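Below: one structure, written as structure tokens.
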Amino acid sequence: MRTYFILLAMALSVTVFSARANEIYITQIGDTLDLDITQDGLDNEFGDSTTDAQLTGDAMTFAITQTGNLNKIDAKIDGNDYTGTWVFTGNSNEVDLTCDSTSGVNCENVTLNI
């Protein structure tokens with residue numbers, strides 16, 4: 001019986017620590033960005049409501065894969081040409097994307113598959 005409780009405690013601790021969220025905040029400036037991000041688990045964030053992930057530049061390629069529930073993306077993209085693929089697997093995931101929040105000439109050619 002004691003062995004059972006020890007194994008149960010170990011399994012729970014592995015579950016708790018493996019499900020921890022990670023948060024990524026990027027402020028990037030420059031052309032020809034090629035960025036790939038993979039996040040696994042619950043409550044992962046790429047940017048948040050107070051600190052967007054900001055990508056500025058032309059001819060950018062950005063792919064993100066989030067696997068799990070309650071993941072979030074808050075991103076601001078400023079650039080003339082942007083290509084992206086965003087893949088979500090799970091429930092209750094959120095996306096808040098702003099492409100050129102000013103009335104400038106940015107985000108003229110955007111291809112984004114979500």
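Please read all numbers here as calculations on a predicted model, not as lab measurements.
- Under the 4.5 Å side-chain heavy-atom criterion for ILVMFWY residues, no single connected hydrophobic cluster contains both Ile29 and Leu33.
- From Leu42, atom CG reaches atom CG of Asn22 across 11.0 Å, with rounding to the nearest 0.5 Å.
- Annotation: side chain of Tyr82 is not in contact with side chain of Thr111 (no heavy-atom distance under 4.5 Å).
- Taking CZ from Phe62 and CG from Leu35, the interatomic distance works out to 5.5 Å, rounded to the nearest 0.5 Å.
- At distances below 3.5 Å, not a single donor-acceptor pair connects side-chain atoms of Asp52 with backbone N or O atoms of Gln54.
- Atom OG1 of Thr27 and atom NZ of Lys76 lie 10.0 Å apart (nearest 0.5 Å).
- Of the residues listed (Thr65, Asn113, Ile114), the one engaging Val87 in a side-chain contact (heavy atoms from CB on, under 4.5 Å) is Thr65, and it is the only one.
- In this structure, the side chain of Gln28 engages the main chain of Gly30 through a donor-acceptor pair within 3.5 Å.
- Leu97 places a side-chain heavy atom less than 4.5 Å from the side chain of Trp86.
- Put simply, the side chain of Asn93 does not reach to within 4.5 Å of the side chain of Lys72, judged on heavy atoms.
- No continuous path of hydrophobic side-chain contacts links Phe46 to Leu70 [ILVMFWY only; heavy atoms under 4.5 Å].
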Would you check, one step at a time, whether the test side chain to side chain contact (heavy atoms under 4.5 Å, CB included) holds for Asn69 with Ser92? CA-CA 6 Å; Asn69 299 327; Ser92 301; 5.6 Å; no
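- Of all non-hydrogen atoms in Asn44 and Gln66, the two that sit nearest each other are O-NE2, 4.1 Å.
- Residues Ile64 and Tyr25 do not share a hydrophobic cluster, defined by chaining ILVMFWY side chains whose heavy atoms lie under 4.5 Å apart.
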Would you sort out whether Asp58 and Thr32 count as a side chain to side chain contact (heavy atoms under 4.5 Å, CB included), showing the intermediate values? CA-CA 6 Å; Asp58 294 329; Thr32 65; over 6 Å; no
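- Scanning both residues, Met60 and Leu55, for their nearest heavy atoms gives CE-O, 3.7 Å.
- Taking CG of Asn71 as the reference point, atom CG of Asp40 lies at 9.0 Å (rounded to 0.5 Å).
- Between Ile37 atom CD1 and Ile73 atom CD1 the span is 8.5 Å, to the nearest 0.5 Å.
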